[in-house]
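Structure first, then comments.
Computation of the quantities below employed the complete heavy-atom set of this structure, encompassing side-chain atoms and omitting hydrogens, waters and symmetry-equivalent molecules.
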Amino acid sequence: METVKIVFWSQGGNTAAMAAAVAEGVQEAGSKAEIINVSDASAADLQSMKGFALGCPAMGAEVLEEMEMEPFMCELEGSLAGKSVGLFGSYGWGDGQWMRDWEERCKAAGAAVVGGEGVICQETPDDDAIASCRTLGRALAAL
């Protein structure tokens with residue numbers, strides 16, 4: 001059984017709650033989940049994985065967090081070809097453009113985005129967002 005790694009960045013706790021729900025879905029499917037703060041991760045940690053999850057809220061003008069998650073993505077992009085990536089995150093305003101950009105970036109690097117799109121929610125994840133995160137976790141466990 002391969003462990004599903006869930007790498008995330010969270011400031012206010014919303015994306016951390018989503019990461020926990022992804023992990024619950026992985027575990028419901030009978031696999032192991034490892035939640036990793038992006039500050040403790042490296043692209044090398046994910047190179048041997050078939051699939052994994054990445055979580056980050058929208059920041060600033062709907063972009064990834066720039067001090068930790070963006071540099072991590074820059075490091076990871078060269079090794080995304082052939083991988084399955086589950087994306088998730090929360091936002092406070094806007095319409096989710098940061099997630100659409102992130103999806104396209106992963107696809108352009110050769111990754112398949114699990115479920116075809118990332119899981120997003122506005123502010124605190126509600127029951128639907130938590131359920132979607134669990135579904136994402138189950139899909140990642142099935143890879």
Side-chain angles (χ1 to χ4, degrees), residues 1-60 62-92 94 96-143:
M1 167 187 342
E2 186 173 284
T3 298
V4 176
K5 295 188 179 192
I6 303 160
V7 178
F8 78 101
W9 186 92
S10 184
Q11 181 175 20
N14 295 334
T15 302
M18 295 175 83
V22 172
E24 289 169 7
V26 169
Q27 293 163 347
E28 288 168 2
S31 291
K32 293 181 182 178
E34 181 181 359
I35 300 174
I36 307 165
N37 190 295
V38 71
S39 63
D40 298 322
S42 74
D45 296 335
L46 304 178
Q47 285 181 347
S48 66
M49 309 295 296
K50 287 186 274 184
F52 46 84
L54 301 173
C56 185
M59 301 295 288
E62 286 207 74
V63 297
L64 295 176
E65 186 276 329
E66 296 174 304
M67 299 302 290
E68 294 183 76
M69 186 55 90
E70 179 59 33
F72 179 79
M73 274 305 299
C74 289
E75 180 186 358
L76 184 63
E77 268 178 300
S79 60
L80 284 178
K83 307 282 186 195
S84 294
V85 180
L87 301 174
F88 63 94
S90 62
Y91 65 99
Q97 185 61 47
W98 104 101
M99 184 58 74
R100 290 189 295 276
D101 293 343
W102 200 8
E103 291 162 3
E104 288 307 312
R105 184 175 178 181
C106 288
K107 290 174 185 175
V113 175
V114 177
E117 63 184 8
V119 176
I120 64 173
C121 68
Q122 189 168 21
E123 304 294 347
T124 304
D126 60 13
D127 291 343
D128 290 339
I130 294 296
S132 294
C133 288
R134 286 186 179 134
T135 298
L136 176 60
R138 288 190 296 272
L140 287 165
L143 294 176

Distance from M18 atom CE to I6 atom CD1, nearest 0.5 Å?
-> 12.0 Å
Please, which pairs that meet salt bridge (charged side-chain N to carboxylate O under 4.0 Å, His left out) have at least one residue in residues 133-143, sequence neighbours excluded?
-> E24-R134, E28-R134, E28-R138
Do you know the tightest heavy-atom contact between A16 and S10?
-> N-OG, 3.3 Å
Pairs meeting criterion salt bridge (charged side-chain N to carboxylate O under 4.0 Å, His left out) with involvement of residues 7-22, two or more places apart = none
Where is the tightest heavy-atom contact between I35 and A20, given as atom of each residue plus distance?
-> CD1-CA, 3.9 Å
Of all heavy-atom pairs linking V119 and A129, the shortest is CG1-O, 4.2 Å
Note, L54 side chain near M73 side chain (heavy atom, < 4.5 Å) | yes
Where do E68 and S39 come nearest, in terms of heavy atoms and distance?
-> OE1-CB, 2.6 Å
Take atom NZ in K107; do more than 12 heavy atoms of anything else shown fall under 6.0 Å from it?
-> yes
Sequence neighbours excluded, the answer for side-chain contact (heavy atoms from CB on, under 4.5 Å) partners of Q27 is A33
Mind checking whether V85 and F52 have side chains closer than 4.5 Å, heavy atoms only?
-> yes
Any pair with a residue in residues 96-143 that passes ring-ring contact (aromatic ring centres under 6.0 Å, His included), sequence neighbours left out, goes on the list, sorted by first then second residue, please.
-> Y91-W98
Residue pairs meeting salt bridge (charged side-chain N to carboxylate O under 4.0 Å, His left out), one or both in residues 8-21, sequence neighbours left out, come to none
Point-to-point distance, once rounded to the nearest 0.5 Å, from CG of N37 to CE of M69 = 8.5 Å
Got F88 and T15 here, is their nearest side-chain heavy-atom distance under 4.5 Å?
-> yes
Applied to residues 112-129, the salt bridge (charged side-chain N to carboxylate O under 4.0 Å, His left out) test, sequence neighbours excluded, yields none
Between OG1 on residue T135 and CD1 on residue I130, distance to nearest 0.5 Å | 11.0 Å
Can you check whether V26's main-chain N or O pairs, donor with acceptor, with K32's side chain at less than 3.5 Å?
-> no
With sequence neighbours excluded, tell me which residues meet side-chain contact (heavy atoms from CB on, under 4.5 Å) with Q11.
-> W9, M59
Qualifying residues under side-chain contact (heavy atoms from CB on, under 4.5 Å), relative to A17, sequence neighbours excluded = P125
In Å, rounded to the nearest 0.5 Å, how long is the span from CD1 of I120 to CG of L87?
-> 11.5 Å
Under the side-chain contact (heavy atoms from CB on, under 4.5 Å) test, residues paired with A41 that sit two or more places apart | V7, I36, D45, F72
Could you tell me which residues satisfy side-chain hydrogen bond (donor to acceptor under 3.5 Å, both in side chains) with E77, sequence neighbours excluded, listed by chain and number?
-> R105
So, do E70 and V63 sit near enough that their side-chain heavy atoms are less than 4.5 Å apart?
-> no
Between L140 and G86, the two heavy atoms sitting closest are CD2-N, 4.1 Å
Is there a donor-acceptor pair closer than 3.5 Å between any side-chain N or O of Q97 and the backbone N or O of E62?
-> no
Measure across C56 and E65 and return the closest heavy-atom pair with its distance rounded to 0.1 Å.
-> SG-N, 3.4 Å
Do P57 and N14 have side chains that get closer than 4.5 Å, going by heavy atoms?
-> no
